[in-house]
Amino acid sequence: MPPSAAPRPPARRTVHPAATATPTSATVALSREADARHTPVLGLQLPANHAGLLLRRRPGEPTGWGSASERRFIHILGDRPGLSFLPVHQAELIKAANALARLPPVRVVVLHPPGASPQQTALALAVADLLTEPDHPRVPGTVTSGTPPPLNNGLTTVRHDIHLTTAGRTHDKFVWQLLATGQLPI
């Protein structure tokens, strides 16, 4: 028998962010009270080693983002209307997040630093949805992170103790909200 050829290395695949087809069975609430508002935690597939921002548009906003050259950087997340991922250099995450949160179409911005798990980012998205006031285009979008943001960013951060319920069990977790000047709670 002739010797077999050496195995070929697997082809490199470019991983683009996508969303799973259905929400997970997990929900999140800001308190353990019986009447606390819960929201589902989406199952997301995001690049674990690439920094970026998860964006949620306000309801009723057009599906596109600016010009064709701007849209080429934004990945629409599959069947998640209004949800997009924007790759951003790690050093620019907080600056870009706060700039985008001031744009009228943006409702929520979630930091996704390198090394953050998709589950941490999905949890921060769910908490941002709970924290976001009823849609008003003059109110800046909510900025959250599933990992502790750096403290030298000049912004105020609020650590929210949240309650993640999955498979009938509740787990205590943390999500951080970044507040720009003028957003400080009274």
Side-chain angles (χ1 to χ4, degrees), residues 9-30 39-57 65 70 72-80 82-101 106-132 140-167 169-180 183:
R12 287 188 65 178
R13 293 183 6 197
T14 303
V15 177
H16 293 287
T20 59
T22 58
T24 65
S25 60
T27 62
V28 67
L30 295 174
T39 192
V41 177
L42 298 178
L44 298 175
Q45 296 175 355
L46 298 170
N49 297 322
H50 294 89
L53 299 171
L54 191 60
L55 307 171
R56 183 186 298 282
R57 287 187 307 277
W65 289 95
E70 291 168 337
R72 72 186 170 116
F73 295 109
I74 296 178
H75 305 282
I76 306 302
L77 295 182
D79 61 350
R80 302 282 189 228
L83 200 57
S84 307
F85 184 82
L86 173 64
V88 175
H89 189 274
Q90 179 179 358
E92 299 295 320
L93 273 177
I94 292 173
K95 181 179 176 182
N98 285 305
L100 287 167
V106 177
R107 181 172 185 246
V108 167
V109 180
V110 180
L111 302 178
H112 182 72
S117 73
Q119 294 82 9
Q120 289 171 307
T121 301
L123 190 59
L125 174 66
V127 171
D129 285 341
L130 286 172
L131 293 171
T132 302
T142 301
V143 180
T144 60
S145 177
T147 61
L151 296 176
N152 61 350
N153 58 30
L155 298 172
T156 300
T157 58
V158 177
R159 187 182 80 177
H160 293 281
D161 301 332
I162 56 109
H163 310 286
L164 175 68
T165 303
T166 183
R169 299 183 121 171
T170 300
H171 309 277
D172 295 330
K173 301 284 184 184
F174 302 110
V175 168
W176 290 261
Q177 181 182 10
L178 286 74
L179 301 172
Q183 285 185 299

K.L.:
Is there side-chain contact between L100 and L86, with heavy atoms separated by less than 4.5 Å?
P.N.:
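When only atoms from C-beta onward are counted, L86 and L100 do touch, with a gap below 4.5 Å.
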K.L.:
Side chains of V28 and K173, heavy atoms from C-beta outward: is any pair under 4.5 Å?
P.N.:
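Side chain of V28 against side chain of K173, heavy atoms only: no contact under 4.5 Å found.
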K.L.:
Heavy atoms only: give me the nearest V88-A96 pair and the separation to one decimal.
P.N.:
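Shortest heavy-atom separation between V88 and A96 comes out as CG1-CB, 4.1 Å.
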K.L.:
Sub-3.5 Å donor-acceptor pair from the side chain of E92 to the main-chain atoms of H89, do we have one?
P.N.:
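Pair absent, no side-chain N/O of E92 close to backbone of H89.
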K.L.:
Any salt bridge (Lys or Arg N to Asp or Glu O under 4.0 Å) involving residues 154-164? Give me the pairs, sequence neighbours left out, ordered by first then second residue.
P.N.:
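Checked against salt bridge (Lys or Arg N to Asp or Glu O under 4.0 Å) - neighbours excluded - the pairs reaching residues 154-164 are R159-D161.
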K.L.:
Of all the heavy-atom pairs spanning G146 and W176, show the shortest one and how long it is.
P.N.:
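G146 and W176 have their closest heavy atoms at O-CZ3, 3.6 Å.
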K.L.:
Answer whether the closest heavy-atom distance between the side chains of P114 and Q90 falls below 4.5 Å.
P.N.:
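The answer is yes, as the side chains (C-beta and beyond) meet within the 4.5 Å cut-off.
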K.L.:
Looking at V158, I94, T142, V109, which hits side chain to side chain contact (heavy atoms under 4.5 Å, CB included) with L178?
P.N.:
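Only one option passes, and that is I94.
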K.L.:
Below 4.5 Å, heavy atoms only, C-beta onward: do H163 and T170 meet side chain to side chain?
P.N.:
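A side-chain contact exists here, since the closest heavy-atom pair is under 4.5 Å.
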K.L.:
Can you name the nearest heavy-atom pair linking P118 to L44, along with the distance?
P.N.:
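The pair with the smallest heavy-atom distance is CB-O, 3.3 Å.
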K.L.:
Quick one: closest heavy-atom pair of T147 and A116, and the distance?
P.N.:
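Residues T147 and A116, closest heavy atoms: CG2-CB, 4.1 Å.
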K.L.:
Atom OG in S145, atom CG in L123: separation rounded to 0.5 Å?
P.N.:
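With rounding to 0.5 Å, OG (S145) is 10.5 Å from CG (L123).
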K.L.:
With sequence neighbours left out, write down each residue that passes side-chain hydrogen bond (donor to acceptor under 3.5 Å, both in side chains) with T39, or none if nothing qualifies.
P.N.:
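If we apply the side-chain hydrogen bond (donor to acceptor under 3.5 Å, both in side chains) test to T39, skipping adjacent residues, there are no hits.
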K.L.:
Calculate, to the nearest 0.5 Å, the distance between atoms NE2 and OG1 belonging to H160 and T144 respectively.
P.N.:
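If I round to the nearest 0.5 Å, the distance is 8.5 Å.
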K.L.:
To the nearest 0.5 angstrom, please state how far the CD atom of Q119 sits from the CG atom of L42.
P.N.:
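Here the interatomic distance stands at 12.5 Å.
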K.L.:
Measuring from atom CG of L55 to atom CZ of R107, what distance do you get when rounded to the nearest 0.5 angstrom?
P.N.:
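Between atom CG of L55 and atom CZ of R107 there are 13.0 Å.
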K.L.:
Report yes if some heavy atom in the side chain of L30 is under 4.5 Å from a heavy atom in the side chain of L131; otherwise report no.
P.N.:
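Yes, at least one pair of side-chain atoms sits under 4.5 Å.
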K.L.:
Do the side chains of T166 and V41 get nearer than 4.5 Å, heavy atoms only?
P.N.:
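Side chain of V41 against side chain of T166, heavy atoms only: no contact under 4.5 Å found.
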K.L.:
Quick one: do L53 and V110 satisfy side chain to side chain contact (heavy atoms under 4.5 Å, CB included)? Show the steps, please.
P.N.:
CA-CA 6 Å; L53 299 171; V110 180; over 6 Å; no
K.L.:
How long is the straight-line distance from CG of L164 back to NE2 of H171, given to the nearest 0.5 Å?
P.N.:
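So the gap between those two atoms works out to 6.0 Å.
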K.L.:
Can you measure from OG1 (T156) to CD (Q177) and round to the nearest 0.5 angstrom?
P.N.:
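Taking OG1 in T156 and CD in Q177, the distance rounds to 10.5 Å.
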